[in-house]
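All values derive from a computational prediction rather than experimental measurement. In what follows, chains carry the letters A, B, and so on, assigned in the order in which the sequence lines appear, proteins first and then strands, with residues in each chain numbered from 1.
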Amino acid sequence: MSAPLKLYNTATRAVSEFKPLVPGNVGIYLCGATVQAPPHIGHVRSGVNFDILRRWLLASGFDVTFIRNVTDIDDKILQKSVTEAMPWWAIAMKYERTFTEAYRALNVLPPTYEPRATGHITQMIELMQKLIEKGAAYAPGNGDVYLEVRKLSSYLTLSNQKLDDLQSAEDTENTFKRDPRDFALWKSAKPGEPSWPTPWGDGRPGWHIECSAMAHTYLGENFDIHGGGLDLIFPHHENEIAQSQAAGYGFANIWMHNAWVTASGEKMSKSLGNSLQVHELLNKVRGIELRWYLGSAHYRSMLEFSFEALEESAVNFRRIEGFLKRAIEVLGYRPDPVIAPEFAAAMNEDLAVPQALALISENVRLGNTAVNSGDTAVIATQASEIRGALGILGCDPFDPIFASDSGVSSQVLDGLVALALEQRKAARARKDFESSDAIRDQLAAIGVIIEDTAAGTRWSIN
RNA sequence: GGUCGGAUGGCCGAGAGGCGAGGCUCAGGACUGCAAAUCCUGCCACACGGGUUCAAAUCCCGUUCCGACCUCCA
């Protein structure tokens, strides 16, 4: 490829050339879901954004090891366990499935591995042991284990804060901390809650330890990219860095954070709560259209959600899809995906998807003009470039994951529509437009849209 | 209080000293029996006040407004 890939690094607040630790290989750790509720579109925006990164790295010739964790134990899961009267592990699995389904509906590639927190207790204990040995962490004796942040040589470098400037936590009930800013690596067992044995007593993981342990397990002491939502910078990622570096690991080279989905300017999870769940929106638009929408803004920009914007975005996508369908009808085959140099240049500039979208629009325009004039060479070129771009964005309509059902039922459908179109054609031939329009209206009423073209009448399902 | 990010045409959304972003909507036009689809044309915006410059949405200074995080939110 021509120009090198450049990425924004939250740690340096700058866009710089991406150089993997091992040439040709990229290790990515993405903070995945805490499975305590079904995913809303903010969750999957993160999934989609990093999926685009992954696909682009793959297309650029890298081998990518992509780790996306599932945090299947935390306070809220335990709360849900009470309110939903189910074991905590059943809650976790129930919601993990909803995430898996959402990712699948949006064509987010399955990670190379998807570790669960509770499957890595051993690694967490090892990490804590190391931290205690090095004097970075302490076990006050009640079963908790804390990281002593005052002792760290550096802390809060990612969020650029000063320890003393932080508003102190309100809950002063915890008297086991040496400093209110120390955070729990491990929490002592409370009655009725799940726990695992450790040298310091029975308990369960704190929030941050699992990611450090799992990233270390699968990607090693140093790896290339760590990603997640903007809101994870502090405390989650700061604490991951603190733990890992105190243990002597280099940890992540580049930190990437996606911005939120907002509504009326506010972070969606605040203003709309859980109302924008993925499965709800999939009743309004197809998965490929929702993905197109979520991927269309730059990953570091807030995406201002509205149903109108979603619908507009879907209309835009259907125009692209419409050209591809027409192109294939004219050509008689599916042009193979090709990565246009301009598209590559845009993607290499910190994944400038909006610029890439403008290029696709140009491709569509040129392609449609070529369809009108019958210039098959141009049609093929434009269609190939569009498919190449859509493939990276995870929105290729011919991706099998988006394939609509085929088989017997669609054969019958083809036949029925063809029958109706024959009738209409006959009516038009005898200038009986009243009848022909009636057929068109009736088809439209059941969701079959028809278009008369120079090459004949084509139809599609609305 | 600390840290970080915004403010762009009716809407979404890029860009970042001069050269049209793009999409959606809308208004004309071409094509069509009429539609639909498609193409063409138009709508020329950058929170406010100063300044620098031949030239500022873009740089500098100041102001206003909005949002996020501050120890279990993507």
Side-chain angles (χ1 to χ4, degrees), chain A residues 10 13 30-34 36 39-47 49-50 71 73-77 147 149 156 159-169 171 177 180-184 187 205-208 227-236 238-239 257-262 264-271 293 296-298 300-306 308-317 319-320 322-323 326 346 352-362 364-365 367-369 371-373 428 431 433 436-437 440-441 444 449-454 457-458 460:
Chain A
T10 306
R13 312 269 169 193
L30 174 63
C31 283
T34 300
Q36 35 143 312
H40 60 238
I41 53 172
H43 294 118
V44 289
R45 181 186 185 193
S46 180
N49 284 159
F50 283 96
T71 296
I73 177 92
D74 93 314
D75 288 357
K76 283 183 185 166
I77 293 171
L147 197 79
V149 296
L156 306 178
S159 59
N160 193 29
Q161 298 177 98
K162 291 191 179 72
L163 195 53
D164 294 315
D165 289 340
L166 295 182
Q167 279 182 356
S168 50
D171 61 302
K177 288 183 181 178
R181 276 93 175 183
D182 291 349
F183 63 90
K187 297 181 165 192
W207 178 30
H208 318 293
L230 211 50
D231 44 1
L232 295 182
I233 293 175
F234 184 86
H236 187 54
E238 290 288 12
N239 288 351
H257 294 94
N258 64 280
W260 300 293
V261 177
T262 57
S264 304
E266 290 191 348
K267 190 179 176 188
M268 196 213 72
S269 55
K270 291 209 159 185
S271 50
Y293 174 65
S296 63
H298 187 86
R300 286 193 282 119
S301 296
M302 303 294 170
L303 176 61
E304 172 66 16
F305 177 85
S306 70
E308 293 73 19
L310 174 62
E311 185 53 38
E312 283 176 6
S313 172
V315 167
N316 174 222
F317 182 74
R319 175 166 166 267
I320 299 165
F323 163 66
R326 253 169 269 132
V353 172
Q355 286 177 31
L357 262 42
L359 295 168
I360 294 173
S361 291
E362 179 71 2
V364 171
R365 210 192 91 241
N368 277 324
T369 301
V371 167
N372 292 341
S373 65
R428 291 180 74 204
K431 306 256 188 240
F433 296 121
S436 69
D437 289 352
R440 183 170 64 198
D441 291 345
I449 305 301
I450 64 178
E451 298 163 23
D452 295 320
T453 74
T457 300
R458 57 192 302 275
S460 57

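- In this structure, CG of A/Leu303 is placed 13 Å from C1' of B/C11, rounded to the nearest angstrom.
- In this structure A/Glu308 satisfies the salt bridge (Lys or Arg N to Asp or Glu O under 4.0 Å) test with no other residue, sequence neighbours excluded.
- Look at CE on A/Met268: it is 13 Å from P on B/A68, rounded to the nearest Å.
- Rounded to whole angstrom, the span from the CH2 atom of A/Trp207 across to the P atom of B/U71 amounts to 11 Å.
- Comparing the same atom, C1', in B/G28 and in B/C12 gives a spacing of 24 Å after rounding to whole Å.
- In this structure, CZ of A/Arg181 is placed 17 Å from P of B/G1, rounded to the nearest angstrom.
- Taking the side chain of A/His43 as heavy atoms from C-beta on, and the options B/U25, B/A74, B/C12, the nearest nucleotide is B/A74.
- A/Asp231 has its CG atom 17 Å from the P atom of B/G67, to the nearest Å.
- Looking at heavy-atom distances under 4.0 Å, A/Lys431 makes no contact with the nucleic acid at all.
- Every residue two or more places apart in sequence or in another chain that forms a side chain to side chain donor-acceptor pair (under 3.5 Å) with A/Thr457 is listed here: A/Asp452.
- The CD1 atom of A/Ile360 sits 18 Å away from the P atom of B/G13 (whole-angstrom rounding).
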ask   = Tell me, for nucleotides 3-10 of chain B in 5' to 3' order, what letter each nucleotide earns: B for a base near a protein heavy atom under 4.0 Å, S for only sugar-phosphate near one, - for neither?
value = SS------

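- Among the atoms of the strands shown, none is found under 4.0 Å from any heavy atom of A/Val371.
- With distances taken from any side-chain atom of A/Ser361 to the nucleotides B/G22, B/U71, B/G67, the minimum falls on B/G22.
- With sequence neighbours excluded, no residue satisfies salt bridge (Lys or Arg N to Asp or Glu O under 4.0 Å) with A/Arg326.
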Got a list of protein N/O to nucleotides 15-21 of chain B N/O distances below 3.5 Å?
none

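- In this structure A/Thr10 satisfies the side chain to side chain donor-acceptor pair (under 3.5 Å) test together with A/His257, sequence neighbours excluded.
- You'll find a donor-acceptor pair under 3.5 Å spanning the side chain of A/Asp437 and the base of B/G33, going by distance alone.
- Atom CG of A/Leu359 and atom P of B/A14 are 15 Å apart (whole Å).
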Where do N or O atoms of nucleotides 40-47 of chain B meet protein N or O atoms at under 3.5 Å, pair by pair?
| from | atom 1 | to | atom 2 | distance (Å) |
| --- | --- | --- | --- | --- |
| B/C40 | OP1 | A/Arg365 | NE | 2.6 |

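- In this structure A/Gln355 satisfies the side chain to side chain donor-acceptor pair (under 3.5 Å) test with no other residue, sequence neighbours excluded.
- Ring orientation note: the planes of A/His236 and A/Trp207 are close to parallel, at an angle under 30° on the 30°/60° scale.
- Between A/Ser436 and A/Gly42, the one whose closest nucleotide on RNA chain B sits nearer the 5' end is A/Ser436.
- With A/Arg181 contributing its side chain and A/Leu166 its backbone, the two residues share a donor-acceptor pair below 3.5 Å.
- Rounded to the nearest Å, the gap between the C1' atom of B/U63 and that of B/A14 is 27 Å.
- At the heavy-atom level, A/Asn239 lies under 4.0 Å from base atoms of the strands shown.
- Rounded to a whole angstrom, the distance from the C1' atom of B/U3 to that of B/G49 is 28 Å.
- Computed from coordinates, the A/Glu238 CD to B/A68 P distance equals 20 Å when rounded to whole Å.
- Every salt bridge (Lys or Arg N to Asp or Glu O under 4.0 Å) that A/Arg458 has, sequence neighbours left out, goes to A/Glu329, A/Glu451.
- For A/Asp231, the salt bridge (Lys or Arg N to Asp or Glu O under 4.0 Å) criterion is met by A/Lys267, not counting sequence neighbours.
- Annotation: side chain to side chain donor-acceptor pair (under 3.5 Å) contacts of A/Asp164 (sequence neighbours excluded): A/Arg150.
- When each of A/Ala297 and A/Leu230 is assigned the nucleotide of RNA chain B bearing its nearest heavy atom, the one mapping closer to the 5' terminus is A/Ala297.
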Any protein N or O atoms within reach of nucleotides 35-37 of chain B? Criterion: under 3.5 Å, listing atom names and distances.
| from | atom 1 | to | atom 2 | distance (Å) |
| --- | --- | --- | --- | --- |
| B/A35 | N6 | A/Asp452 | O | 3.4 |
| B/A35 | N1 | A/Asp452 | N | 3.1 |
| B/A35 | N1 | A/Asp452 | OD2 | 3.4 |
| B/A35 | N3 | A/Arg440 | NH1 | 3.0 |
| B/A36 | N1 | A/Asp452 | O | 3.2 |
| B/A37 | O2' | A/Arg326 | NH2 | 3.2 |

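- Side-chain atoms of A/Glu304 come within 3.5 Å of backbone atoms of A/Gly265 as a donor-acceptor pair (strictly under, hydrogens ignored).
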